[in-house]
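Quantities reported herein were computed from a predicted structural model and do not represent experimental measurements. We count ligands from 1, going down the list as the structure has it; atoms in each ligand are counted the same way.
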Amino acid sequence: MNPLVIANWKMHKSVEESVRDAARIAELADVRHIDVGIAPSIVWQKAIHGTLHGTGLLTVVQDAHSEPSGAYTGAVSFDQLAPFSDMALVGHSERRHVFGDSDELVALKAQAAQRAGLRVVLCVGETREEREVGDGESVVRAQIASVLDAVDANAVEMLDVAYEPVWAISGGDASVEPATTDAIAAMHSFIRSFLRERVGESHDRIRVLYGGSVKPENAMEIFAVSDVQGALVGGASLDPESFVQILEAVPTC
Ligand code: 13P
């Protein structure tokens with residue numbers, strides 16, 4: 001499978017900025033050997049889907065409600081977004097730690113997104129406190145297990161995982177450092193072994209991305225780590241040129 005690199009624009013950019021920057025990325029990105037996605041603010045999903053139409057780039061949902069429809073004022077469902085989307089993130093650390101999404105809710109969202117026909121990128125990662133007490137792997141394992149327990153066996157083919165250690169996510173703060181390549185290698189190897197154990201041969205249909213302070217300066221070194229099949233990029237994806245430099249660091253064979 002191609003590596004996958006996603007720009008997560010979080011709650012940034014007006015509609016004009018989003019359309020302009022998505023068009024610029026589409027113009028500059030070479031998508032022959034990489035799957036490239038853009039996750040805009042949900043309100044611009046339809047506009048960005050239109051901008052990316054025919055470019056080979058994917059439109060990604062940042063998050064949505066776990067129900068397909070109903071009396072949920074202010075909420076939006078994966079079903080409503082599916083006509084304008086190819087993929088969906090679930091369980092992003094900001095959803096878990098700012099909005100309180102539990103492992104159980106994330107699993108329901110993964111099911112809902114897949115039922116709406118979207119490939120799911122399950123975001124996982126431990127907090128600094130969890131890591132310091134030696135719970136990093138068990139937290140990540142529980143986050144993945146709750147989704148694997150919930151989705152159909154054949155739906156693993158519609159799943160990727162993004163390891164985003166909470167302590168390495170910049171949140172726009174350029175002084176935050178990514179995880180070391182040793183730490184990335186250790187957790188990606190753990191995730192790969194767990195996927196192999198849980199889903200058997202289909203594990204190689206699941207890409208494991210890294211996210212957390214990925215920038216043009218460190219992208220090549222991160223992509224060289226074994227078991228890293230792409231990246232989920234926040235701050236450094238806001239500038240189209242910087243995001244395209246990250247894409248250019250992906251090894252193409
Ligand atoms: P940064 O790249 O800004 O650390 O954000 C990572 C992230 O949360 C992407 O989803």
Side-chain angles (χ1 to χ4, degrees), residues 3-13 18 21-22 25 34-42 44-45 48 58-64 85-99 101 106 109-110 113 118-128 130-131 139-140 143-144 159-181 183-184 187-188 191 207-223 225 228-250:
L4 170 64
V5 182
I6 297 174
N8 178 10
W9 285 348
K10 307 189 179 184
M11 200 174 71
H12 294 289
K13 297 186 192 287
S18 301
D21 292 349
I25 290 170
I34 317 173
D35 293 347
V36 179
I38 297 179
S41 175
I42 285 174
W44 318 137
Q45 200 79 15
I48 295 307
L58 307 167
T59 315
V60 182
V61 179
Q62 293 184 13
D63 181 64
S85 310
D86 304 291
M87 279 190 179
L89 308 182
V90 300
H92 190 278
S93 99
E94 286 139 26
R95 295 302 319 176
R96 294 178 189 271
H97 298 291
V98 181
F99 297 96
D101 286 15
V106 172
K109 290 185 175 189
L118 302 173
R119 189 177 181 95
V120 164
V121 179
L122 166 64
C123 305
V124 299
E126 80 286 7
T127 62
R128 188 179 298 282
E130 288 163 343
R131 185 176 186 80
V139 166
V140 167
Q143 290 171 338
I144 298 174
L159 185 69
D160 296 300
V161 173
Y163 171 55
E164 296 204 304
V166 180
W167 42 275
I169 294 178
S170 78
D173 178 350
S175 67
V176 175
E177 293 290 328
T180 63
T181 51
I184 298 172
M187 189 61 90
H188 278 242
I191 293 172
R207 291 166 288 196
V208 184
L209 321 183
Y210 169 77
S213 301
V214 177
K215 301 172 198 148
E217 307 85 88
N218 58 31
M220 199 173 286
E221 148 180 84
I222 290 171
F223 289 133
V225 175
V228 171
Q229 286 100 27
L232 183 51
V233 188
S237 75
L238 295 174
D239 172 45
E241 271 75 17
S242 135
F243 182 61
V244 170
Q245 282 173 36
I246 291 171
L247 298 178
E248 287 167 354
V250 176

Closest approach of any protein heavy atom to [atom], naming residue and atom:
atom	result
atom 10 (O) of ligand 1	H92 NE2, 2.7 Å
atom 9 (C) of ligand 1	E164 OE2, 2.9 Å
atom 2 (O) of ligand 1	G234 N, 2.9 Å
atom 3 (O) of ligand 1	S170 OG, 2.5 Å

Q: Kindly indicate, with the supporting measurements, whether the criterion side chain to side chain donor-acceptor pair (under 3.5 Å) is fulfilled by T127 and E130.
A: CA-CA 5 Å; T127 62; E130 288 163 343; 3.2 Å; yes
Under a 4.0 angstrom heavy-atom cut-off, which atoms of ligand 1 come close to [X]?
X	result
N8	9 (C), 10 (O)
I169	4 (O), 5 (O), 6 (C), 8 (O)
G235	1 (P), 2 (O), 3 (O)
L232	9 (C), 10 (O)
S213	1 (P), 2 (O), 4 (O)

What do you reckon, does [X] put a non-hydrogen atom under 4.0 Å from ligand 1?
X	answer
G212	yes
G211	no
K215	no

Q.
Is it true that Q62 and H92 share a donor-acceptor pair across their side chains at a distance under 3.5 Å?
A. no
Q) Is it the case that T59 and Q45 place a side-chain donor and acceptor less than 3.5 Å from each other? A) no
Q. Any Lys/Arg nitrogen of D63 or R95 sitting under 4.0 Å from an Asp/Glu carboxylate oxygen of the other?
A.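 So D63 pairs with R95 through a salt bridge.
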Q. In terms of ring plane angle, is the pair H188 and Y163 parallel, tilted or perpendicular, where the classes change at 30° and 60°?
A.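 H188 and Y163: perpendicular rings.
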